[in-house]
Amino acid sequence: MLTKEQVKFYKENGYIKLSNIFSEKEMNEISDEYDDLFSRKHNANLQAVWKGEEMEKASSGNNVVLSIHNLQFHSEVFTRLITNKKLMDSMADIMDTPNILLHHTKAHNKPPEKGAPFLMHQDYHYFPFKKHSMVAAFVNLDDSSPENGGLAIYPGSHKLGPLEDVGGIKTEGKYHYVDPKKYPLENATPIYAKKGDVIVFSYLLVHGSYQLV
């Protein structure tokens, strides 16, 4: 699926944006099922906002992020998403192996005008692996940018290995993020993506997201 240039870009930068993985029909089906799922779960406690002093500094007002895990348990649409052949072939090229193990899936929903940001962090601190083979595939269900709470990254930061878990220290292991003074959100590189684009990144890549205003 991927060219040598694309694989090289991923290895150098720790991320890559993939387009044309899903058809328009597939994306519409996924989006509709996503909306229906959050509608069905509206009475559940889906809050996933981080707490703490640093988070308060990064956001304004009563911000919200809703989260649902293990989407494939809720609908076959999401099972088809994570087993999509184009996606699997691309992941195999990036990970340099056909043996891909699913760790987990989740959906984040940032409500308009109050979608919370996420501080810059490494996913490593949530689920460390000995050989650092973990990668994330971020599927955009809408066009994304800094204005609507999109993804932000520090390209190449995966090469630094595991960084100090400042958030874990300050919040007794509840929330994980790197030093906000060294890796402020405002200095990160924004990712502009279209609906259907998939951002694949190493779990060592320093990343976060903007507040939706």
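Numbers here are sequence positions counted from 1.
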| task | Under the salt bridge (charged side-chain N to carboxylate O under 4.0 Å, His left out) rule, what do K170 and E54 come out as? Steps first, then yes or no, please. | result | CA-CA 9 Å; K170 288 189 175 183; E54 294 298 339; 3.2 Å; yes
| Carboxylate-amine/guanidinium proximity below 4.0 Å for R80 and E76 | yes
| message | Using only atom types and a distance under 3.5 Å, with no angle test, would you say the side chain of D93 pairs donor to acceptor with the backbone of S90? | response | no
| said: Taking K25 first and then E29, would you say they form a salt bridge - that is, a charged N and a carboxylate O separated by under 4.0 Å? | reply: no
| field | Donor-acceptor under 3.5 Å (N13 side chain, G156 main chain) | value | no
| H69 side-chain N/O to A107 backbone N/O, donor-acceptor pair under 3.5 Å | no
| task | Measure the spacing between CD of E26 and CG of N84 and express it to the nearest 0.5 Å. | result | 5.5 Å
| request: Would you please classify the geometry between the H108 ring and the F118 ring as parallel, tilted or perpendicular, with 30° and 60° separating the classes? | output: tilted
| V64, V65, L66 screened by side-chain contact (heavy atoms from CB on, under 4.5 Å) with K110, the one that passes | V65
| Exam field: side chain S209 to backbone G150, donor-acceptor pair closer than 3.5 Å | no
| field | Straight-line distance of F201 CZ to I153 CD1, nearest 0.5 Å | value | 9.0 Å
| query | Does M27 offer a backbone N or O that forms a donor-acceptor pair with the side chain of S31 under 3.5 Å? | reply | yes
| request: Would you confirm whether D143, through its side chain, and K195, through its main-chain N or O, come within 3.5 Å as a donor-acceptor pair? | output: yes
| message | Tell me whether Q122 contacts the main-chain N or O of L163 through its side chain, where contact means a donor paired with an acceptor under 3.5 Å. | response | yes
| request: Indicate the ring-plane relationship of F129 and Y203, choosing parallel, tilted or perpendicular according to the 30° and 60° boundaries. | output: perpendicular
| message | Tell me whether D89 contacts the main-chain N or O of K86 through its side chain, where contact means a donor paired with an acceptor under 3.5 Å. | response | no
| query | Are the side chain of Y126 and the backbone of H176 linked by a donor-acceptor contact shorter than 3.5 Å? | reply | yes
| query | With under 30° as parallel and over 60° as perpendicular, where do the rings of H121 and H207 fit, or are they tilted in between? | reply | tilted
| field | Y15-F9 aromatic ring centre distance below 6.0 Å | value | yes
| field | CD-OG1 distance between E53 and T171, expressed to the nearest 0.5 angstrom | value | 12.0 Å
| request: Give the C-alpha distance, both sets of side-chain angles, the deciding distance and a yes or no for ring-ring contact (aromatic ring centres under 6.0 Å, His included) between H104 and F127. | output: CA-CA 11 Å; H104 71 279; F127 28 79; 5.2 Å; yes
| task | Using atom types as modelled and distance alone, determine if a side-chain donor or acceptor of T105 lies under 3.5 Å from a backbone N or O of L71. | result | yes
